[in-house]
Amino acid sequence: MLITPLSLRPHSYWEVALTSGRVIKELDMVKDDRGKRQIDWTLDLCSTGDLKRVKEIRLICPGILTHGVIKLTESQTAFQFKNSSAVHDGQHQYRILEAQVIGRVTDKVTGQCDCFIWDRTLGLFKYTSNVMKFGAWRQGIAPIGELSLSVLGLSL
Amino acid sequence: MWTNAITPSGSGGAEELRFCASGGGTTTTPSASWPGVQRPASVQVIPECWGFTTNILGAKVNTYDGTNASARQFRWDFDNLGTPVSPMQMSAFATTALPTPVPGTQPSSPSSDGSGIVNGHATDTSSKSYMKGNAYGVGLTGAGAQQTPSAGTTGTVTATSGTTGSVTPGASAWLANWQDLQGWTDYILSGATAQATTAGFWYFCLSLWSGPNLCLGTNIGPVIVNQYNFT
(Lines give C-alpha, C1' and ligand atoms only; values in the text may rest on other atoms or scores of the structure.)
Protein backbone atom coordinates (compact mmCIF):
# COMPACT_ATOMS: atom_id res chain seq x y z
CA MET A 1 0.00 0.00 0.00
CA LEU A 2 1.16 3.57 -0.69
CA ILE A 3 0.35 6.41 1.64
CA THR A 4 0.11 9.79 -0.05
CA PRO A 5 -1.73 13.05 0.45
CA LEU A 6 -5.47 12.63 0.26
CA SER A 7 -6.73 12.71 -3.32
CA LEU A 8 -9.53 15.23 -3.70
CA ARG A 9 -10.62 13.88 -7.06
CA PRO A 10 -13.99 12.11 -7.08
CA HIS A 11 -12.61 9.15 -9.04
CA SER A 12 -9.56 6.96 -8.90
CA TYR A 13 -6.77 7.13 -11.46
CA TRP A 14 -3.77 5.03 -12.43
CA GLU A 15 -0.15 6.00 -12.16
CA VAL A 16 2.92 4.11 -13.43
CA ALA A 17 6.56 4.44 -12.52
CA LEU A 18 9.02 3.64 -15.28
CA THR A 19 12.47 2.17 -14.92
CA SER A 20 13.84 5.56 -15.95
CA GLY A 21 12.31 7.12 -12.86
CA ARG A 22 9.62 8.96 -14.80
CA VAL A 23 6.10 8.80 -13.42
CA ILE A 24 3.14 8.91 -15.80
CA LYS A 25 -0.35 9.61 -14.52
CA GLU A 26 -3.74 9.04 -16.11
CA LEU A 27 -4.37 12.74 -15.43
CA ASP A 28 -1.52 13.85 -17.70
CA MET A 29 -2.49 15.61 -20.90
CA VAL A 30 -1.06 14.89 -24.33
CA LYS A 31 -1.52 16.39 -27.77
CA ASP A 32 -2.42 14.55 -30.94
CA ASP A 33 -4.08 15.33 -34.24
CA ARG A 34 -7.40 15.76 -32.45
CA GLY A 35 -5.97 18.31 -30.05
CA LYS A 36 -5.32 18.06 -26.33
CA ARG A 37 -6.64 15.03 -24.47
CA GLN A 38 -6.06 12.98 -21.37
CA ILE A 39 -3.37 10.30 -21.65
CA ASP A 40 -4.65 6.88 -22.66
CA TRP A 41 -3.23 3.51 -21.64
CA THR A 42 -3.42 1.98 -25.10
CA LEU A 43 -2.75 4.99 -27.29
CA ASP A 44 0.11 6.41 -25.26
CA LEU A 45 1.67 3.71 -23.08
CA CYS A 46 1.34 0.70 -25.35
CA SER A 47 2.05 2.42 -28.65
CA THR A 48 5.14 4.26 -27.40
CA GLY A 49 6.70 1.20 -25.80
CA ASP A 50 6.61 2.83 -22.36
CA LEU A 51 4.56 -0.10 -21.13
CA LYS A 52 7.66 -2.30 -21.38
CA ARG A 53 9.44 0.06 -18.98
CA VAL A 54 6.78 0.05 -16.27
CA LYS A 55 8.20 -1.18 -12.97
CA GLU A 56 5.30 -0.24 -10.72
CA ILE A 57 1.60 0.51 -11.20
CA ARG A 58 -0.50 2.38 -8.66
CA LEU A 59 -4.19 3.01 -8.18
CA ILE A 60 -4.67 6.39 -6.56
CA CYS A 61 -8.03 6.34 -4.81
CA PRO A 62 -10.26 9.26 -3.85
CA GLY A 63 -10.72 10.31 -0.27
CA ILE A 64 -8.41 7.79 1.37
CA LEU A 65 -4.76 7.85 2.32
CA THR A 66 -3.82 4.39 1.16
CA HIS A 67 -3.68 3.36 -2.48
CA GLY A 68 -3.08 0.19 -4.41
CA VAL A 69 0.51 -0.48 -5.48
CA ILE A 70 1.78 -3.39 -7.55
CA LYS A 71 5.46 -3.87 -8.28
CA LEU A 72 6.29 -5.72 -11.45
CA THR A 73 8.76 -8.56 -11.59
CA GLU A 74 8.36 -9.01 -15.32
CA SER A 75 7.89 -6.61 -18.22
CA GLN A 76 4.52 -6.14 -19.95
CA THR A 77 2.46 -7.79 -17.28
CA ALA A 78 0.76 -4.65 -15.91
CA PHE A 79 -2.70 -3.60 -16.97
CA GLN A 80 -5.59 -1.41 -15.98
CA PHE A 81 -9.16 -0.80 -17.07
CA LYS A 82 -12.36 0.80 -15.93
CA ASN A 83 -15.87 -0.66 -15.73
CA SER A 84 -18.88 1.53 -16.47
CA SER A 85 -22.62 1.11 -16.85
CA ALA A 86 -24.76 3.12 -19.26
CA VAL A 87 -28.10 3.03 -17.48
CA HIS A 88 -31.58 3.95 -18.65
CA ASP A 89 -34.14 3.61 -15.86
CA GLY A 90 -37.14 4.66 -17.94
CA GLN A 91 -36.95 8.18 -16.59
CA HIS A 92 -33.30 9.13 -16.68
CA GLN A 93 -30.24 7.96 -18.50
CA TYR A 94 -26.69 8.30 -17.27
CA ARG A 95 -23.31 6.65 -17.08
CA ILE A 96 -21.91 5.26 -13.85
CA LEU A 97 -18.21 4.57 -13.38
CA GLU A 98 -18.47 1.36 -11.39
CA ALA A 99 -14.80 0.58 -10.76
CA GLN A 100 -11.20 0.90 -11.84
CA VAL A 101 -8.85 -2.07 -11.86
CA ILE A 102 -5.07 -2.29 -11.87
CA GLY A 103 -3.39 -5.63 -12.12
CA ARG A 104 -0.33 -7.74 -12.80
CA VAL A 105 -0.36 -11.07 -14.59
CA THR A 106 1.29 -13.52 -12.21
CA ASP A 107 1.13 -16.62 -14.42
CA LYS A 108 1.66 -15.99 -18.13
CA VAL A 109 0.60 -19.53 -19.02
CA THR A 110 -2.78 -19.50 -17.31
CA GLY A 111 -3.42 -15.74 -17.27
CA GLN A 112 -3.89 -15.57 -13.52
CA CYS A 113 -3.56 -12.04 -12.18
CA ASP A 114 -3.49 -10.13 -8.91
CA CYS A 115 -5.37 -6.86 -8.83
CA PHE A 116 -6.40 -3.87 -6.82
CA ILE A 117 -9.89 -2.60 -7.49
CA TRP A 118 -11.39 0.75 -6.54
CA ASP A 119 -15.14 0.17 -6.59
CA ARG A 120 -17.68 2.94 -6.10
CA THR A 121 -19.56 0.88 -3.50
CA LEU A 122 -16.82 -1.31 -2.00
CA GLY A 123 -13.85 1.03 -1.93
CA LEU A 124 -10.32 -0.35 -2.39
CA PHE A 125 -9.65 -4.08 -2.15
CA LYS A 126 -7.44 -6.85 -3.49
CA TYR A 127 -8.82 -9.28 -6.05
CA THR A 128 -7.41 -12.33 -7.81
CA SER A 129 -8.74 -13.29 -11.21
CA ASN A 130 -7.66 -14.24 -14.72
CA VAL A 131 -7.17 -12.02 -17.77
CA MET A 132 -8.60 -14.80 -19.96
CA LYS A 133 -11.77 -14.95 -17.90
CA PHE A 134 -12.02 -11.91 -15.67
CA GLY A 135 -14.67 -12.32 -13.02
CA ALA A 136 -17.34 -10.17 -11.37
CA TRP A 137 -16.49 -8.98 -7.88
CA ARG A 138 -19.97 -8.00 -6.72
CA GLN A 139 -23.60 -8.07 -7.80
CA GLY A 140 -24.24 -5.50 -10.48
CA ILE A 141 -20.99 -6.29 -12.28
CA ALA A 142 -21.29 -8.64 -15.24
CA PRO A 143 -18.64 -11.35 -15.57
CA ILE A 144 -16.13 -9.52 -17.73
CA GLY A 145 -14.66 -12.47 -19.55
CA GLU A 146 -11.63 -12.30 -21.79
CA LEU A 147 -9.71 -9.03 -21.77
CA SER A 148 -8.13 -7.85 -24.99
CA LEU A 149 -4.43 -8.53 -24.48
CA SER A 150 -3.41 -6.38 -27.42
CA VAL A 151 -5.40 -3.39 -26.22
CA LEU A 152 -3.90 -3.67 -22.76
CA GLY A 153 -0.39 -4.32 -24.08
CA LEU A 154 0.01 -7.61 -22.28
CA SER A 155 2.61 -10.10 -23.50
CA LEU A 156 1.82 -13.60 -22.30
CA MET B 1 -34.44 7.17 -40.32
CA TRP B 2 -32.97 7.58 -36.85
CA THR B 3 -34.32 10.92 -35.69
CA ASN B 4 -34.36 10.76 -31.95
CA ALA B 5 -31.63 10.19 -29.41
CA ILE B 6 -32.28 9.73 -25.72
CA THR B 7 -29.20 11.02 -24.00
CA PRO B 8 -27.83 10.94 -20.47
CA SER B 9 -28.88 13.24 -17.63
CA GLY B 10 -32.61 13.41 -18.16
CA SER B 11 -35.00 14.22 -15.32
CA GLY B 12 -38.58 15.26 -14.67
CA GLY B 13 -40.00 13.11 -17.45
CA ALA B 14 -37.26 13.85 -19.98
CA GLU B 15 -35.16 11.19 -21.67
CA GLU B 16 -37.68 8.41 -21.03
CA LEU B 17 -38.77 5.24 -22.74
CA ARG B 18 -42.49 4.67 -22.09
CA PHE B 19 -44.65 1.67 -22.93
CA CYS B 20 -48.43 1.59 -23.29
CA ALA B 21 -51.42 -0.23 -24.74
CA SER B 22 -52.35 0.30 -28.36
CA GLY B 23 -53.39 3.91 -28.96
CA GLY B 24 -52.57 4.89 -25.39
CA GLY B 25 -49.73 7.30 -26.06
CA THR B 26 -49.42 10.74 -27.64
CA THR B 27 -46.41 12.85 -28.53
CA THR B 28 -47.16 15.36 -25.77
CA THR B 29 -48.47 13.39 -22.80
CA PRO B 30 -46.53 14.36 -19.66
CA SER B 31 -44.82 11.60 -17.78
CA ALA B 32 -47.08 11.90 -14.76
CA SER B 33 -50.12 11.47 -17.00
CA TRP B 34 -48.82 8.53 -18.99
CA PRO B 35 -51.62 5.94 -19.18
CA GLY B 36 -51.35 2.77 -17.16
CA VAL B 37 -51.50 -0.65 -18.78
CA GLN B 38 -54.25 -2.96 -17.54
CA ARG B 39 -52.94 -6.30 -16.42
CA PRO B 40 -54.16 -8.82 -19.00
CA ALA B 41 -55.95 -12.10 -18.36
CA SER B 42 -53.34 -13.92 -20.42
CA VAL B 43 -49.72 -13.16 -21.24
CA GLN B 44 -49.28 -10.74 -24.12
CA VAL B 45 -46.93 -8.08 -25.37
CA ILE B 46 -47.28 -4.41 -24.49
CA PRO B 47 -47.58 -3.13 -28.04
CA GLU B 48 -46.35 0.46 -28.00
CA CYS B 49 -43.10 2.14 -27.03
CA TRP B 50 -42.44 5.85 -27.06
CA GLY B 51 -39.27 7.84 -26.52
CA PHE B 52 -39.45 11.24 -24.86
CA THR B 53 -36.60 13.77 -25.04
CA THR B 54 -38.50 16.20 -22.81
CA ASN B 55 -41.41 15.68 -20.45
CA ILE B 56 -43.90 16.61 -23.19
CA LEU B 57 -42.04 15.95 -26.43
CA GLY B 58 -41.96 12.40 -27.64
CA ALA B 59 -42.08 10.14 -30.64
CA LYS B 60 -43.45 6.69 -31.10
CA VAL B 61 -40.96 3.93 -31.88
CA ASN B 62 -42.80 2.92 -35.05
CA THR B 63 -40.82 -0.27 -35.49
CA TYR B 64 -41.73 -1.49 -32.00
CA ASP B 65 -44.91 -3.50 -31.55
CA GLY B 66 -43.66 -6.02 -29.03
CA THR B 67 -43.18 -8.71 -31.64
CA ASN B 68 -40.25 -9.76 -33.79
CA ALA B 69 -41.71 -8.13 -36.88
CA SER B 70 -39.39 -5.19 -37.25
CA ALA B 71 -35.71 -4.54 -36.75
CA ARG B 72 -34.12 -1.10 -36.29
CA GLN B 73 -35.81 -0.16 -33.03
CA PHE B 74 -32.97 1.01 -30.80
CA ARG B 75 -29.23 1.30 -30.79
CA TRP B 76 -26.50 2.05 -28.31
CA ASP B 77 -24.60 5.01 -29.68
CA PHE B 78 -21.00 5.26 -28.52
CA ASP B 79 -18.54 7.98 -29.38
CA ASN B 80 -14.92 7.86 -30.56
CA LEU B 81 -13.32 8.70 -27.24
CA GLY B 82 -12.92 5.34 -25.57
CA THR B 83 -10.72 2.26 -25.95
CA PRO B 84 -12.73 -0.87 -25.13
CA VAL B 85 -10.91 -3.82 -23.55
CA SER B 86 -13.67 -6.44 -23.71
CA PRO B 87 -17.02 -7.07 -25.41
CA MET B 88 -19.90 -5.12 -23.93
CA GLN B 89 -23.04 -6.63 -22.47
CA MET B 90 -26.62 -5.53 -21.94
CA SER B 91 -29.53 -6.52 -19.75
CA ALA B 92 -32.30 -5.17 -17.51
CA PHE B 93 -32.42 -4.66 -13.77
CA ALA B 94 -34.97 -3.75 -11.12
CA THR B 95 -33.19 -0.53 -10.08
CA THR B 96 -30.02 1.43 -10.74
CA ALA B 97 -28.38 -0.48 -7.88
CA LEU B 98 -28.29 -3.39 -10.34
CA PRO B 99 -29.45 -5.99 -7.81
CA THR B 100 -29.21 -9.68 -8.63
CA PRO B 101 -32.63 -10.83 -9.86
CA VAL B 102 -34.66 -13.49 -8.06
CA PRO B 103 -36.25 -15.45 -10.91
CA GLY B 104 -39.96 -16.08 -10.48
CA THR B 105 -40.35 -13.88 -7.41
CA GLN B 106 -42.92 -11.10 -7.67
CA PRO B 107 -42.81 -8.15 -5.25
CA SER B 108 -45.91 -7.17 -3.31
CA SER B 109 -48.37 -4.94 -5.13
CA PRO B 110 -48.14 -2.05 -5.58
CA SER B 111 -44.52 -2.15 -6.61
CA SER B 112 -42.45 0.87 -7.57
CA ASP B 113 -39.45 -0.68 -9.26
CA GLY B 114 -38.71 -3.06 -12.08
CA SER B 115 -38.27 -6.23 -10.02
CA GLY B 116 -41.61 -7.66 -11.09
CA ILE B 117 -40.74 -7.40 -14.77
CA VAL B 118 -37.13 -8.51 -14.37
CA ASN B 119 -37.82 -11.46 -12.05
CA GLY B 120 -40.65 -12.85 -14.18
CA HIS B 121 -43.14 -15.45 -12.97
CA ALA B 122 -43.15 -19.23 -13.13
CA THR B 123 -46.55 -19.45 -14.82
CA ASP B 124 -46.40 -16.41 -17.08
CA THR B 125 -42.78 -16.60 -18.22
CA SER B 126 -41.21 -19.80 -16.84
CA SER B 127 -39.48 -17.43 -14.39
CA LYS B 128 -37.78 -15.57 -17.22
CA SER B 129 -37.89 -11.79 -17.37
CA TYR B 130 -40.95 -10.19 -18.93
CA MET B 131 -38.50 -7.95 -20.82
CA LYS B 132 -36.99 -9.68 -23.82
CA GLY B 133 -34.17 -8.38 -25.94
CA ASN B 134 -32.33 -9.12 -29.13
CA ALA B 135 -29.13 -7.59 -30.45
CA TYR B 136 -27.51 -7.50 -33.88
CA GLY B 137 -24.03 -8.83 -34.36
CA VAL B 138 -21.18 -7.32 -32.43
CA GLY B 139 -21.98 -3.69 -33.17
CA LEU B 140 -18.57 -2.38 -34.15
CA THR B 141 -15.90 -4.96 -34.90
CA GLY B 142 -12.32 -4.84 -33.69
CA ALA B 143 -11.35 -3.75 -37.19
CA GLY B 144 -13.82 -0.88 -37.11
CA ALA B 145 -16.52 -2.35 -39.35
CA GLN B 146 -20.04 -1.33 -38.36
CA GLN B 147 -22.63 -4.13 -38.41
CA THR B 148 -26.02 -2.66 -39.31
CA PRO B 149 -29.21 -4.72 -39.60
CA SER B 150 -31.58 -4.66 -42.52
CA ALA B 151 -35.26 -4.15 -41.91
CA GLY B 152 -37.26 -7.29 -41.24
CA THR B 153 -37.90 -9.97 -38.67
CA THR B 154 -35.58 -10.58 -35.80
CA GLY B 155 -35.70 -14.12 -34.48
CA THR B 156 -38.35 -15.82 -32.36
CA VAL B 157 -39.81 -14.30 -29.19
CA THR B 158 -42.42 -15.65 -26.78
CA ALA B 159 -43.32 -14.92 -23.18
CA THR B 160 -41.04 -17.73 -22.03
CA SER B 161 -38.09 -16.86 -24.26
CA GLY B 162 -34.72 -16.80 -22.58
CA THR B 163 -31.54 -18.79 -22.00
CA THR B 164 -29.77 -19.02 -18.68
CA GLY B 165 -26.47 -17.17 -18.76
CA SER B 166 -25.20 -15.05 -21.61
CA VAL B 167 -26.03 -15.40 -25.30
CA THR B 168 -24.01 -13.89 -28.10
CA PRO B 169 -25.36 -12.95 -31.54
CA GLY B 170 -23.40 -14.21 -34.50
CA ALA B 171 -21.55 -11.76 -36.71
CA SER B 172 -24.01 -9.54 -38.59
CA ALA B 173 -26.94 -11.55 -37.29
CA TRP B 174 -29.74 -11.41 -34.74
CA LEU B 175 -30.12 -14.05 -32.06
CA ALA B 176 -32.29 -16.83 -33.50
CA ASN B 177 -34.17 -16.88 -30.19
CA TRP B 178 -34.61 -13.73 -28.15
CA GLN B 179 -32.96 -13.51 -24.77
CA ASP B 180 -34.75 -12.47 -21.60
CA LEU B 181 -33.07 -9.55 -19.89
CA GLN B 182 -32.71 -10.66 -16.28
CA GLY B 183 -29.75 -8.91 -14.73
CA TRP B 184 -26.43 -10.68 -15.14
CA THR B 185 -28.29 -13.97 -14.79
CA ASP B 186 -29.63 -13.89 -18.35
CA TYR B 187 -28.15 -11.28 -20.64
CA ILE B 188 -26.73 -10.51 -24.09
CA LEU B 189 -22.97 -10.41 -24.64
CA SER B 190 -21.43 -8.90 -27.73
CA GLY B 191 -19.13 -11.21 -29.64
CA ALA B 192 -16.18 -8.85 -30.06
CA THR B 193 -14.27 -5.95 -28.55
CA ALA B 194 -14.97 -2.82 -30.56
CA GLN B 195 -12.17 -0.92 -32.22
CA ALA B 196 -10.49 1.73 -30.12
CA THR B 197 -11.48 5.41 -30.45
CA THR B 198 -14.07 4.67 -33.11
CA ALA B 199 -17.69 5.77 -32.97
CA GLY B 200 -20.30 3.14 -33.62
CA PHE B 201 -23.65 1.58 -32.78
CA TRP B 202 -24.90 -1.66 -31.33
CA TYR B 203 -28.45 -2.26 -32.57
CA PHE B 204 -31.02 -3.97 -30.35
CA CYS B 205 -34.73 -4.67 -30.06
CA LEU B 206 -37.00 -4.98 -27.04
CA SER B 207 -40.21 -6.85 -26.37
CA LEU B 208 -42.02 -6.08 -23.12
CA TRP B 209 -44.63 -8.56 -21.96
CA SER B 210 -47.30 -8.50 -19.30
CA GLY B 211 -49.35 -11.26 -17.75
CA PRO B 212 -51.91 -12.05 -15.07
CA ASN B 213 -49.23 -12.70 -12.48
CA LEU B 214 -47.17 -9.56 -12.99
CA CYS B 215 -47.25 -7.29 -9.94
CA LEU B 216 -49.26 -4.09 -10.01
CA GLY B 217 -47.66 -0.70 -9.44
CA THR B 218 -46.42 2.58 -10.89
CA ASN B 219 -43.03 3.18 -12.50
CA ILE B 220 -42.37 -0.53 -12.60
CA GLY B 221 -40.27 -0.24 -15.72
CA PRO B 222 -36.87 -1.92 -15.50
CA VAL B 223 -33.48 -0.30 -15.88
CA ILE B 224 -31.86 -1.08 -19.22
CA VAL B 225 -28.08 -1.35 -18.85
CA ASN B 226 -25.11 -1.57 -21.17
CA GLN B 227 -21.96 -2.41 -19.23
CA TYR B 228 -18.55 -1.96 -20.83
CA ASN B 229 -14.87 -1.96 -19.95
CA PHE B 230 -12.32 0.49 -21.31
CA THR B 231 -8.90 1.92 -20.68
Side-chain angles (χ1 to χ4, degrees), chain A residues 13-14 26 32-35 37-47 51 79-103 120-121 131-154, chain B residues 6-19 31 52 74 76-78 80-101 113-114 142 165-166 183-184 187 189 192-197 219-231:
Chain A
Y13 63 91
W14 58 259
E26 186 176 4
D32 64 10
D33 54 4
R34 289 188 291 175
R37 57 168 175 80
Q38 201 163 315
I39 204 167
D40 179 83
W41 183 273
T42 303
L43 299 178
D44 303 303
L45 277 190
C46 298
S47 62
L51 194 63
F79 65 93
Q80 72 82 32
F81 66 90
K82 292 172 276 290
N83 177 282
S84 273
S85 299
V87 174
H88 195 293
D89 67 3
Q91 295 181 317
H92 315 113
Q93 182 171 333
Y94 37 88
R95 272 179 283 196
I96 305 171
L97 181 62
E98 303 282 1
Q100 183 163 21
V101 181
I102 65 167
R120 67 179 181 92
T121 63
V131 293
M132 308 297 190
K133 197 177 181 182
F134 207 93
W137 50 89
R138 63 165 168 86
Q139 78 168 8
I141 301 295
I144 292 173
E146 186 175 353
L147 300 175
S148 173
L149 303 184
S150 59
V151 169
L152 295 174
L154 291 171
Chain B
I6 295 184
T7 55
S9 70
S11 64
E15 312 299 352
E16 287 187 351
L17 278 183
R18 305 177 191 171
F19 294 83
S31 182
F52 276 72
F74 310 99
W76 297 105
D77 181 350
F78 43 97
N80 64 351
L81 298 177
T83 303
V85 301
S86 66
M88 53 188 164
Q89 37 229 341
M90 64 170 285
S91 193
F93 288 82
T95 70
T96 55
L98 311 187
T100 300
D113 69 25
S166 66
W184 300 131
Y187 60 101
L189 172 68
T193 302
Q195 187 179 52
T197 56
N219 291 332
I220 65 169
V223 176
I224 308 295
V225 175
N226 179 316
Q227 199 166 90
Y228 54 97
N229 300 283
F230 61 104
T231 60

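Just so it is clear: chains get the letters A, B, ... in the order the sequence lines come, proteins before strands, and each one is counted from 1. Any value given below was found using the heavy atoms of this structure, including those in side chains, with hydrogens, waters and symmetry copies removed.
- Interface remark: A/Asn83 contributes backbone and side-chain atoms alike to the contact with chain B (heavy atom separation under 4.5 Å).
- No hydrogens or angles considered: nothing links the side chains of A/Ser85 and B/Asn226 as a donor-acceptor pair under 3.5 Å.
- When all heavy atoms of B/Ala194 and B/Phe78 are compared, the pair lying nearest together is CB-CE1, 4.3 Å.
- Both the backbone and the side chain of A/Ile144 come within less than 4.5 Å of a heavy atom of chain B.
- Highest contact tally toward chain B, considering only A/Val101, A/Ile141, A/Val151, A/Thr121, is held by A/Ile141 [criterion: heavy-atom pairs under 4.5 Å].
- For a residue to count as touching a neighbouring chain, one of its non-hydrogen atoms must lie under 4.5 Å from one of that chain's; by this rule A/Leu97 touches chain B with the side chain only.
- When the candidates A/Ser150, A/Gly145, A/Pro143 are compared by the number of heavy-atom contacts under 4.5 Å with chain B, A/Pro143 comes out ahead.
- Looking only at atom types and distance, the side chain of A/Gln80 has no donor-acceptor partner in the side chain of A/Glu26 under 3.5 Å away.
- Note: B/Pro99 leads B/Pro99, B/Ser166, B/Gly183 in heavy-atom pairs under 4.5 Å with chain A.
- Side chains of B/Ser31 and B/Glu16: a donor on one and an acceptor on the other come within 3.5 Å.
- A salt bridge between A/Arg138 and A/Glu98 is present, with a side-chain N of the basic residue lying under 4.0 Å from a carboxylate O of the acidic one.
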